[in-house]
Amino acid sequence: MTRLESEIIFTPIPERIARLRELAYNLWWSWHPEAQELYRQIDPSLWELVYHNPVSFLREVRERSLDNAAANPLYLQQFDAVMAKLDAYMNAKETWYTRTYPDVKDEMIAYFSAEFGIHESLPIYSGGLGILSGDHVKEASDMALPFVAVGFVYPQGYFRQRLDQSGWQFAEYNKLDFANVPATPARTPDGKEVVVEVELPGRKIYAKVYRFQVGRVQLFLMDTDIHPNSQQDRELSARLYGGDQEMRVSQEIVLGIGGVRALRQLGINPTVFHMNEGHSAFLVLELMRELVMQGKPFAEAMREVQARCVFTTHTPVPAGNDAFPFPMIEKFFWQYWPQLGLSHDEFMALAKQNQDWGPTFAMTALALKMANHRNGVSELHGHVARGMWQWLFPSKSQDEVPIISVTNGVHTASWLAPELRELYNAYLGPDWEDRLDDSQTWQKIHAIPDAVLWEVRRKLKSQMIAFARERTRQRFVQLGQTPMVWPVLEEDILTLGFARRFATYKRATLIFKDMERLKAILNRPDRKIQIVFAGKAHPRDDPGKRFIQEVYQLSMQSGLAGRILFLEEYDIAVGRALTRGVDVWLNNPRRPHEASGTSGQKASLNGVPNLSILDGWWPEAYNGKNGWVIGEEREYANYDEQDWLDAQSLYTKLENDLAPLFYEHRDAAGVPTRWIEACKESIVTVAPMFSTRRMLTDYMSDLYMPAAVEAAAH
Ligand SMILES: *Cc1c(COP(=O)(O)O)cnc(C)c1O
């Protein structure tokens, strides 16, 4: 037992089920609902109270409840089955990796990201980037890739979203109790705790490294909230994307430079380094410094680092890319560039921003220049990124700019409803998860009887509504009010879901452009429609907060009350409930600002078709039968024109296409057969292509392996 675990006081646990503790410390449970069931069944209300956190659960649960479980043959049967599955997983000799790359030995891929969205009980993510990283790590585990991940643990978590009575978002920060997370102190090969140090202006700062087991993959997260850091430095890793620019540059130094030092102390020497977005790009400096310290000339060190580095860009808008003023970089790096053998000007030139956006030291420019293997996250975004960064490759035309695209996907097991998994087990064949990126596998979805799929869809909607009612009830209890409309949401009417970060380009309020038309559409007696919204704005994004307030206030206006619901605190649990529980997933960003988007992929996988602008991943998926398109694939003179035309298109689609398909064409049993066709088509076309299995297969063949081969040449 590690020190951290031995310090934690757990409820005494009967020997027969003692492995519940081991299971709690392997986040494998987070994508195996049957493993979560082992805790939930022991005490369902406690399971909710601890927000589905097995470690807290085992600390809080009553001894008698554990004893009862250990004496229950049915429980023990389930327990043994889950443990056998875990053991088979952890000890498998034949895996995707051994099958696909039987001759590749001794490679290691290190994946750096500022956030990881693995489970709602581990609040170290804010939005899409984090969810993608979490899904990436889980899939790397399922495929048994030689893979480690590096990031931050944010001891104050990300904020919890609260809305005041007027719908204005305020942030509530809860301190993360280390005793309640599945962390163990990371150790060097000879058993010492790993603490890294990096230099900040006038001082050293230390970060302690924690290890999280995510299936077969180790995730190392750094924490600066330790002695002997100053109070200010202890706060440095406290919050995700908190603080000012100095705080941010300091964080990114710890992530990139500290992260490399952590791996070295752990005795892990990766072949390939993957920077997921520019936050970790300082890692290239540290890799080059190591080589220069070994006596290599800078130019040679640079080529070697370029060979082994992979960079993924996610941000198609210049302002969204991290960049720092030169004087700030001077203050932080004046002792560093001599160690690279560079002058001030040579150092700054490594990351000099385009004159039009600068003059700054840009993390994306640094990463693009220092990684030979680069990608955007959808075909459209790849194209946009090649245009945006063409100035870095002056001898190349836009199409020749060496940024490829690997379209994002979602981790199937994490986002698929258990009720549907059972159905897929029955119809796709027992080993469908081994072939989940194979389109053939999914053709068999068409064999599911309409009534059977409809029944499951209704059940998932009903669960979502129960979830939304409970969340809403809790909110009104806290506010000391009674809700205006109760119960919220109706069971049998067409339900749209819209959940995402409230960045303004995502245009959460687009559907409210023409209020009279909207009210008429939502309230047509034989074709009622309701919409569930959720989403957080960045704590400093006041325009985003105004959008939330607008949606919230509209949800109480006459003509809309009862038809619009805003759910607080969009997180993985809310995302899960909504993407599987609504009828249609609504996505209306301002094209082409959505790099990929993944929430719609989660929806499709669960038989929820998309109604979406042709932005991000959707142009690659849409086939005329698996969902609907809003607006056109074109450029507009200005935002007002674009917004107005897109809104009109959205209304027309709802009136002419979606509502008739949902409410008409019902068979004798009331099943909307043509609607179910769209549900099936969305599963068949989206589940294989937009899975992390397909995504990581592409990363392996197009980025990781080429980087490993190129690195071996040095
Ligand atoms: C999937 C997901 C996202 C990303 O979705 P987008 O389509 O990129 O908006 C963000 N937050 C949560 C909680 C999610 O589950």
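The analysis underlying the following values was restricted to heavy atoms, covering all of them including side chains, and did not include hydrogens, waters or symmetry mates. Counting starts at 1 for both ligands and their atoms, following the listed order.
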Mark yes or no: Arg590 above the aromatic ring of Tyr639, with NZ or CZ under 6.0 Å from the six-membered ring centre and no more than 45 degrees from the axis. yes

I want to check a possible cation-pi pair here: Lys602 against Trp415, using under 6.0 Å from ring centre and within 45° of the ring axis as the test. yes

Near [X], which atoms of ligand 1 are under 4.0 Å from a heavy atom of that residue?
{"X": "Lys506", "value": "8 (O), 9 (O)"}
{"X": "Arg500", "value": "9 (O)"}
{"X": "Asp571", "value": "13 (C)"}
{"X": "Lys602", "value": "1 (C), 2 (C), 3 (C), 14 (C), 15 (O)"}

Where does the angle between the aromatic ring planes of [X] and [Y] fall among parallel (under 30°), tilted (30 to 60°) and perpendicular (over 60°)?
{"X": "Tyr210", "Y": "Phe178", "result": "parallel"}
{"X": "Trp47", "Y": "Tyr39", "result": "parallel"}
{"X": "Phe498", "Y": "Phe502", "result": "perpendicular"}

To which protein heavy atom is atom 10 (C) of ligand 1 closest, and what is the distance rounded to 0.1 Å? Gly128 N, 3.5 Å

Tell me whether the centres of the aromatic rings in His274 and Tyr704 are closer together than 6.0 Å. yes

Side chain, backbone, both or neither: which part of Trp585 has a heavy atom under 4.0 Å from ligand 1? neither

Part of Thr598 with heavy atoms under 4.0 Å of ligand 1, whether side chain, backbone, both or neither: both

Just wondering, are more than 12 heavy atoms of other shown residues or ligands nearer than 6.0 Å to CD in Glu422? no

Short N/O distance, under 3.5 Å, between Ser126 and ligand 1? no

Flag Ser599 as yes when one of its N or O atoms lies below 3.5 Å from any N or O atom of ligand 1, and as no otherwise. yes

